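The next block holds one structure in the form of structure tokens; read it before the comments.
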Amino acid sequence: MQQQEIHNFLLSYFQANECPILENHSEYLTVQLTIELDKELMNRPFYWHYLEKTGGNPNPMRLTFITNKEAAPEKLQGEIIHFGSPRLHQIFASTKNLSRYIRLYENHQQHCKQTPLLPWLCMNVKISYQCDRKRDIFKSIGLQLINGQMVENFHDRLQQITLTPKIPDYSFTLSPLVKPKSGMSRIENYLKSVIEEEDHLWAEDARKRWDKDLQLLDRFYEEVEEENESYETEKKALQEQYEPKIIISFINGGLFYLTEKAI
């Protein structure tokens with residue numbers, strides 16, 4: 001990850017979390033943290049606990065990140081940040097934590113006209129096919145929470161839509177007929193049905209390799225008459241190595257309120 005990429009990532013991260021950008025130069029970035037991001041990044045639990053108890057005025061910190069030390073002003077005070085720095089990895093972890101759920105609205109251009117926005121539930125998931133080999137595929141499924149329409153590659157479609165965290169003027173949201181929790185179950189059942197219809201030759205091949213190694217193990221221990229703890233341990237290890245498994249993991253998701261013709 002190049003320094004300019006790190007700079008752009010930091011800029012996007014703080015803008016997405018609504019932190020005012022005080023200075024943005026090619027070699028450094030100064031931001032004013034929000035209360036939420038100060039709690040997320042600055043490790044000041046006692047400070048915030050004291051304020052909440054006393055009702056004091058919050059004072060979130062202001063940070064400067066130096067992304068190009070050679071070009072930055074000599075007397076500039078700030079954190080030098082690079083790919084291996086703890087702060088950057090903390091922000092990576094924060095990004096993953098804060099981006100698991102989101103609510104956004106289509107920033108449509110139908111000004112001065114009352115526009116209904118339909119609720120869509122999006123789930124981005126990873127499907128892992130595991131045996132002694134592993135293959136991961138990623139799916140993004142969208143479910144409209146009024147008529148139940150389901151759409152694949154939903155994230156790609158969202159990339160073509162201008163979204164905003166605040167509902168636009170002259171807009172109103174429609175109440176979902178399908179509750180989000182029920183919608184998640186529908187998407188999970190859909191993914192399971194898709195997986196069941198797939199060709200699982202990979203699992204059959206894994207079981208054949210498993211059986212072959214198990215026969216070798218049996219021959220190795222065939223002259224041992226007593227129960228052997230080592231044999232059971234190695235047998236279990238073969239099972240853990242070869243047994244076919246399919247694991248569906250939730251990555252992130254959210255609610256998106258879109259115009260009728262958006263999808």
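Note that the structure is predicted; figures quoted are calculated from it, not measured. Along the sequence shown, the residues carry numbers beginning at 1.
The neighbour count for Asp156 CG, taken as heavy atoms of other residues, nucleotides or ligands under 6.0 Å away, is above 12. Around the CZ atom of Phe172, the shell of radius 6.0 Å holds more than 12 heavy atoms that belong to other residues, nucleotides or ligands.
Taking hydrophobic clusters as Ile, Leu, Val, Met, Phe, Trp and Tyr residues chained together by side-chain heavy-atom distances below 4.5 Å, Met150 shares a cluster with Val125. When hydrophobic clusters are built by joining Ile, Leu, Val, Met, Phe, Trp and Tyr residues whose side-chain heavy atoms come closer than 4.5 Å, directly or via intermediates, Phe9 is grouped together with Phe83. Hydrophobic clustering keeps Leu216 apart from Tyr231 (ILVMFWY residues linked when any side-chain heavy atoms are closer than 4.5 Å, directly or through intermediates). Under a hydrophobic-cluster definition in which Ile, Leu, Val, Met, Phe, Trp and Tyr are linked whenever side-chain heavy atoms come within less than 4.5 Å, directly or via other members, Leu143 and Val194 are assigned to the same cluster. Tracing side-chain contacts under 4.5 Å through hydrophobic residues (I, L, V, M, F, W, Y), one reaches Leu11 starting from Phe14; they form part of the same cluster.
Rounded to the nearest 0.5 Å, atoms CD1 (Ile161) and CG (Asn107) are 11.5 Å apart. The structure places CD1 of Ile66 at 9.0 Å from OG1 of Thr30, a figure rounded to the nearest 0.5 Å. Note: Leu63 CG to Leu22 CG = 10.0 Å, rounded to the nearest 0.5 Å. Put simply, CZ on Arg133 and CD on Gln241 are 10.5 Å apart, with the number rounded to the nearest 0.5 Å. Within the model, atoms NZ of Lys126 and CD1 of Ile248 stand 12.5 Å from one another, a figure rounded to the nearest 0.5 Å. Here Gln32 contributes atom CD and Thr34 contributes atom OG1; the two are 9.0 Å apart, rounded to the nearest 0.5 Å.
Between the side chains of Tyr257 and Ser171, no donor-acceptor pair of N or O atoms lies under 3.5 Å. A donor-acceptor contact closer than 3.5 angstrom links the side chains of Thr67 and His7.
Contact of the Leu158 side chain with the Leu258 side chain is registered, since non-hydrogen atoms from C-beta on lie closer than 4.5 Å. With contacts defined as side-chain heavy-atom distances shorter than 4.5 Å, the pair Phe256/Ile102 qualifies. Inter-residue side-chain proximity for Glu36 and Asn17 is flagged as unmet; no heavy-atom pair is nearer than 4.5 Å. Between Leu41 and Arg87 the shortest side-chain heavy-atom distance falls below 4.5 Å. Using a 4.5 Å cut-off on side-chain heavy atoms (C-beta onward), Tyr170 and Thr115 make no contact. Contact of the His200 side chain with the Ile246 side chain is registered, since non-hydrogen atoms from C-beta on lie closer than 4.5 Å. At least one side-chain heavy atom of Tyr129 sits under 4.5 Å from a side-chain heavy atom of Ile195. Contact of the Arg209 side chain with the Asp205 side chain is registered, since non-hydrogen atoms from C-beta on lie closer than 4.5 Å.
Listed by chain and residue number, Glu27, Glu70, Ala71 satisfy the side-chain contact (heavy atoms from CB on, under 4.5 Å) test with Asn68 (two or more places apart in sequence, or in another chain). Qualifying ring pair (Phe, Tyr, Trp, His ring centres under 6.0 Å) partners for Tyr50, counting only residues two or more places apart in sequence or in other chains: none.
No donor-acceptor pair under 3.5 Å is formed between the side chain of Ser94 and the backbone N or O of Gln90. Under a 3.5 Å cut-off, the side chain of Asp199 and the backbone N or O of Leu201 do form a donor-acceptor pair.
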- request: I would like to know whether Glu188 and Lys192 meet salt bridge (charged side-chain N to carboxylate O under 4.0 Å, His left out); could you show each step before the answer?
  value: CA-CA 6 Å; Glu188 181 181 4; Lys192 288 179 178 178; 3.4 Å; yes
Audit row: Gln239, Trp210, side-chain contact (heavy atoms from CB on, under 4.5 Å) steps and yes/no: CA-CA 7 Å; Gln239 180 179 358; Trp210 180 10; 3.6 Å; yes
- prompt: Passes side-chain hydrogen bond (donor to acceptor under 3.5 Å, both in side chains), Tyr221 versus Ser230? Steps please.
  reply: CA-CA 10 Å; Tyr221 284 97; Ser230 179; 2.9 Å; yes
- request: Test side-chain hydrogen bond (donor to acceptor under 3.5 Å, both in side chains) on His155 and Gln159 and set out the steps.
  value: CA-CA 6 Å; His155 179 77; Gln159 296 298 305; 3.0 Å; yes
task: Check the pair Leu255 / Tyr101 against side-chain contact (heavy atoms from CB on, under 4.5 Å), numbers first and verdict last.
output: CA-CA 8 Å; Leu255 285 172; Tyr101 305 96; over 6 Å; no
- prompt: Between Ile146 and Val178, is a side-chain contact (heavy atoms from CB on, under 4.5 Å) present by the stated rule, with each step listed?
  reply: CA-CA 6 Å; Ile146 292 181; Val178 180; over 6 Å; no
task: Report the C-alpha distance between Phe92 and His89 in whole Å, list the side-chain angles of each, state the deciding distance to 0.1 Å, and finish with yes or no for ring-ring contact (aromatic ring centres under 6.0 Å, His included).
output: CA-CA 5 Å; Phe92 284 157; His89 285 279; 5.7 Å; yes
- request: List the steps and the verdict of side-chain contact (heavy atoms from CB on, under 4.5 Å) for Ile141 and Glu152.
  value: CA-CA 5 Å; Ile141 309 296; Glu152 289 219 27; 3.7 Å; yes
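Glu198 has no carboxylate O lying under 4.0 Å from a charged side-chain N of Arg135, or vice versa, which leaves the two without a salt bridge. Of the charged side-chain nitrogens involved, none lies within less than 4.0 Å of a carboxylate oxygen, so that Glu232 and Lys236 do not count as a salt-bridged pair.
When all heavy atoms are compared, the tightest approach of Val151 to Phe154 is O-CB, 4.0 Å. In plain terms, the two heavy atoms of Pro58 and Tyr47 that are nearest each other are C-OH, 4.0 Å. Tyr28 approaches Pro73 most closely through the heavy-atom pair CE2-CD, 3.9 Å. Minimum interatomic distance between Pro176 and Lys179 (heavy atoms only, all atoms of both residues): O-NZ, 4.4 Å. Between Pro60 and Asp38, the shortest heavy-atom contact is CA-OD2, 3.4 Å. Closest approach of Asn147 to Gln149, counting heavy atoms only: OD1-N, 2.9 Å.
Remark: aromatic rings of Tyr13 and Phe65 are distant, center separation not under 6.0 Å.
Checking Gln109, Glu106, His108 one by one against Thr259, the side chain to side chain donor-acceptor pair (under 3.5 Å) holds for a single residue, Glu106.
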